[in-house]
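Notes for the one structure printed next.
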Amino acid sequence: MRVGLVYTDTNKNTRNISIDPHGTKQMNKTVEAIKLALENKNYEVIMIPADIDMLTRIKNANVDVIFNACTGIRTKKEQANVVGMLELLDIPFVGSSLSSHIFGLHKEISKVLFRKMGIPTPNSQLFYNADMKLDGNLRFPLIVKPEHEGSSLGIDEKSVVYNEKTLYEKVREVINTFNQPALVEEYVGGREFTIGIIGDKELKVFEILEVIYSKMETNFMTVSIKAKDAAGFECPANIDEELELKLKDYAKKAFRALELRDYARVDVRLDKFNNPFFIEINTLPGLEPGYSDFPKMAEKSGISYDDLIEELTLLAYNRR
Ligand SMILES: Nc1ncnc2c1ncn2[C@@H]1O[C@H](COP(=O)(O)OP(=O)(O)OP(=O)(O)O)[C@@H](O)[C@H]1O
Ligand SMILES: [Mg+2]
């Protein structure tokens, strides 16, 4: 089988490196690892840098299936543009459709869909500018984050705010730096978990991973903790069966709510009464071995990296 591996050519990546210092390295390592995994499984791999000419290149390469590892060309949002282009071909590709990526990229849209499906998510308000009035129903502490970023970009020690003054400072900073609305959410400060799902018609949920913040400067994932991979983790998470079943059930509902395909990673936190609140769903979760949560959870569920990459490839191939 010939697999086209679509990836971000980081030489062309014009994104301001200070906004995402870790991203380039992570992208390159991930693509190398996927290529190697596919070759270990005896697939022929054709490398396809994602750009505006890629459709012609893919057609000429005569591939059977596409593994899309492009997390955006210049911005994260462009991961959807790439998927939109791939949909124009008659070749199956790994991962969700364009509309599902858009639902997932926009945290506020995901939250609307979560609420419709009865999936609990923190109360929130979207700020298009820093002159908007704070919704009186929201209770401090609040967390301020960019509406459509990932890898904890825009989240630092000052992102959790306790009064209106610091709230508006952060809202202004996020809007100006990321050129997008700021999402203000009630801060849910209990245990944090992430949940990996794989499948298409049938869904499989991996062992749940708990993020551990002991000895950290914050109790939430800042961009620097994330980039340094400084937080601890426990997988399988030490939780009782009732909570485990509840989290897995909601995670699958979230996957269906966004009409996802093949794989995704859902982030969730508990409040002080151990009620879960779903924060977001990653439609193109990181796949860097030894770093990203998704392959860690797969491994703890008995699926090696090579097997994981093959399983994802076959999920797409079987749709042809
Ligand atoms: N409402 C919230 N309550 C508590 N913590 C939150 C909340 N929203 C975000 N966080 C914290 O901030 C981190 C990053 O938030 P979020 O997952 O929304 O951003 P992201 O950058 O898209 O993440 P990823 O790295 O998973 O792509 C979370 O892992 C969590 O620690
Ligand atoms: Mg997250």
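Both counts, for ligands and for their atoms, begin at 1 and track the order of listing.
In I155, the part holding a heavy atom less than 4.0 Å from any atom of ligand 1 is the side chain. The proximity of K107 to ligand 1, defined as any non-hydrogen pair under 4.0 Å, is limited to the side chain. The residue V211 has no part lying near ligand 1, judged by heavy-atom distances below 4.0 Å. Only side-chain heavy atoms of Y213 come within less than 4.0 Å of ligand 1; its backbone N, CA, C and O stay farther off. For S152, heavy-atom contacts with ligand 1 shorter than 4.0 Å involve the backbone as well as the side chain. At a 4.0 Å heavy-atom cut-off, ligand 1 touches K145 through the side chain alone.
Taking 4.0 Å as the cut-off between side-chain N and carboxylate O, D90 and R320 do not count as a salt-bridged pair. At a threshold of 4.0 Å, the pair D200-R319 counts as salt-bridged, since one of the basic side-chain nitrogens sits closer than that to a carboxylate oxygen. Contact check on K107 versus E147 returns no salt bridge, with no Lys/Arg side-chain nitrogen under 4.0 Å from an Asp/Glu carboxylate oxygen.
For E185, a nitrogen or oxygen atom sits less than 3.5 Å from a nitrogen or oxygen atom of ligand 1, counting backbone and side chain alike. Considering backbone and side-chain N/O atoms, E280 comes within less than 3.5 Å of an N/O atom of ligand 1. Residue M221 has at least one N or O atom closer than 3.5 Å to an N or O atom of ligand 1. Below 3.5 Å of separation, one finds an N or O of V188 facing an N or O of ligand 1.
Shown in contact with R269 at under 4.0 Å from a heavy atom are these atoms of ligand 1, numbered in order with element: 4 (C), 5 (N), 31 (O). Those atoms of ligand 1 with a heavy atom of R265 less than 4.0 angstrom away are 26 (O). Close approach to E149 involves these atoms of ligand 1, each under 4.0 Å from a residue heavy atom: 22 (O). Of all atoms in ligand 1, numbered sequentially from 1 with element shown, those under 4.0 Å from a heavy atom of D267 are 17 (O), 26 (O). Near Y187, meaning under 4.0 Å from any of its heavy atoms, are these atoms of ligand 1: 3 (N), 4 (C), 5 (N). Interface atoms of ligand 1 facing F220, defined by a heavy-atom separation under 4.0 Å, are 11 (C), 31 (O).
Taking the six-membered ring for Trp and the full ring otherwise, F294 and F206 have centroids separated by under 6.0 Å. Taking the six-membered ring for Trp and the full ring otherwise, Y187 and F140 have centroids separated by 6.0 Å or more. Centroid-to-centroid, the aromatic rings of F67 and F93 stay 6.0 Å apart or farther.
When you scan the N, O or S atoms of D267 for the one nearest the Mg ion (ligand 2), you land on OD2.
In this structure, of E192, E147, K226, the residue bringing a heavy atom nearest to atom 29 (O) of ligand 1 is E192.
In the model, T194 has no side-chain atom that pairs as donor or acceptor with a side-chain atom of D293 under 3.5 Å. For the residue pair R172 and T177, no side-chain donor N or O sits within less than 3.5 Å of a side-chain acceptor on the partner.
Contact between G189 and ligand 1 is absent, with no heavy atom of the residue lying under 4.0 Å from the ligand.
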